[in-house]
2 protein chains.
Amino acid sequence: MQFAADINIMPIKEILDPQGKAVKLGLHNLGIDQVDDVRIGKHITIRLEAADAEAAEEKVKIACEKLLANLIMEEFSFEVHPVQ
Amino acid sequence: MQFAADINIMPIKEILDPQGKAVKLGLHNLGIDQVDDVRIGKHITIRLEAADAEAAEEKVKIACEKLLANLIMEEFSFEVHPVQ
């Protein structure tokens with residue numbers, strides 16, 4: 001069965017996000033004020049085969065922990081849903 | 001009223017994604033096979049003040065089109081929801 005995983009990897013709150021700060025300034029220059037906070041991370045989509053949703057979630061969790069996220073500086077969240 | 005926007009910016013389907021290809025290989029080396037496709041983009045969270053949800057969505061749309069996404073190579077999607 002095929003599954004699609006949507007993964008978000010973001011810098012943890014304790015870490016400064018200079019890219020986000022730069023984008024906030026850019027928004028200000030565009031005339032978009034009243035922006036309080038901007039944070040920039042990665043969005044990763046994976047299509048994978050697995051026996052069931054639980055197996056797919058387990059694979060994605062391992063992928064995040066061992067390869068995709070640096071857990072010292074980043075946190076991850078994901079959703080897995082079946083694909084027709 | 002304060003709103004939080006979750007923005008995803010992904011390379012369009014017609015564009016090769018070498019970073020995604022590298023991650024697919026990395027997953028294979030981790031023992032996670034049966035991965036069909038990996039694509040890597042940006043996830044951006046913004047907190048902003050706006051009069052209502054419609055105004056917040058309009059601001060986020062302008063931000064995506066004029067600053068955050070390169071519409072020749074990337075496509076964007078976003079969700080805006082109120083924050084207590």
Side-chain angles (χ1 to χ4, degrees), chain A residues 1-13 17 19-51 55-69 74-80 83, chain B residues 1-13 17 19-51 55-69 74-80 83:
Chain A
M1 211 175 153
Q2 196 170 52
F3 292 89
D6 280 298
I7 304 166
N8 290 328
I9 297 174
M10 300 298 290
I12 61 174
K13 284 184 187 61
D17 180 359
Q19 205 184 354
K21 284 230 165 27
V23 165
K24 186 177 168 180
L25 190 65
L27 290 173
H28 181 80
N29 292 341
L30 256 183
I32 302 176
D33 286 334
Q34 301 177 302
V35 174
D36 290 329
D37 191 35
V38 181
R39 292 189 81 81
I40 301 189
K42 283 176 283 189
H43 183 71
I44 302 172
T45 59
I46 295 180
R47 284 196 171 224
L48 73 168
E49 290 283 335
E57 283 184 13
E58 186 59 29
K59 281 188 186 189
V60 173
K61 187 162 176 276
I62 291 171
C64 287
E65 288 174 349
K66 297 207 169 169
L67 180 68
L68 301 173
E74 296 170 325
E75 58 193 5
F76 65 88
S77 61
F78 63 85
E79 281 176 17
V80 170
V83 180
Chain B
M1 213 177 152
Q2 196 170 52
F3 292 89
D6 279 299
I7 304 165
N8 290 326
I9 297 174
M10 300 300 289
I12 61 174
K13 284 182 187 65
D17 181 359
Q19 205 184 355
K21 284 231 164 29
V23 165
K24 185 176 170 182
L25 189 66
L27 290 172
H28 180 82
N29 292 341
L30 257 183
I32 302 177
D33 287 335
Q34 301 177 302
V35 174
D36 290 329
D37 191 33
V38 181
R39 293 189 82 80
I40 300 188
K42 284 177 282 191
H43 183 69
I44 301 172
T45 60
I46 295 179
R47 283 193 172 230
L48 73 167
E49 291 283 336
E57 284 185 12
E58 187 58 30
K59 282 188 186 189
V60 173
K61 188 163 176 273
I62 291 170
C64 288
E65 288 174 348
K66 296 208 170 169
L67 180 69
L68 301 172
E74 296 170 326
E75 58 193 4
F76 66 88
S77 61
F78 63 85
E79 281 175 20
V80 171
V83 180

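Just so we're on the same page: letters track the sequence lines, and every chain starts at 1. Computation of the quantities below employed the complete heavy-atom set of this structure, encompassing side-chain atoms and omitting hydrogens, waters and symmetry-equivalent molecules. A quick note: this is a predicted structure, and the numbers were derived from the prediction, not measured.
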Where does A:Asn29 contact chain B at under 4.5 Å (heavy atoms): side chain, backbone, both or neither? neither
Tell me, for A:Ile9 versus chain B, whether the close heavy atoms (under 4.5 Å) come from the side chain, the backbone, both or neither.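 Neither part, no heavy atoms under 4.5 Å.
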Option in [options] with maximal non-hydrogen atom pairs under 4.5 Å from chain B:
options	value
A:Leu27, A:Asp37, A:Asp6	A:Asp37
A:Leu67, A:Ile32, A:Ile40, A:Asn8	A:Asn8
A:Thr45, A:Ile62, A:Asp33, A:Leu68	A:Thr45

How close do [X] and [Y] get, counting heavy atoms only, and between which atoms?
X	Y	result
A:Val35	A:Lys24	O-CE, 3.2 Å
A:Cys64	A:Ile7	SG-CG2, 3.6 Å
A:Leu48	A:Ala56	CD1-O, 4.3 Å
A:Ile12	A:Glu75	CG2-N, 3.8 Å

B:Asp36 vs A:Glu49, side chain to side chain contact (heavy atoms under 4.5 Å, CB included): CA-CA, chis, key distance, verdict: CA-CA 8 Å; B:Asp36 290 329; A:Glu49 290 283 335; 4.1 Å; yes
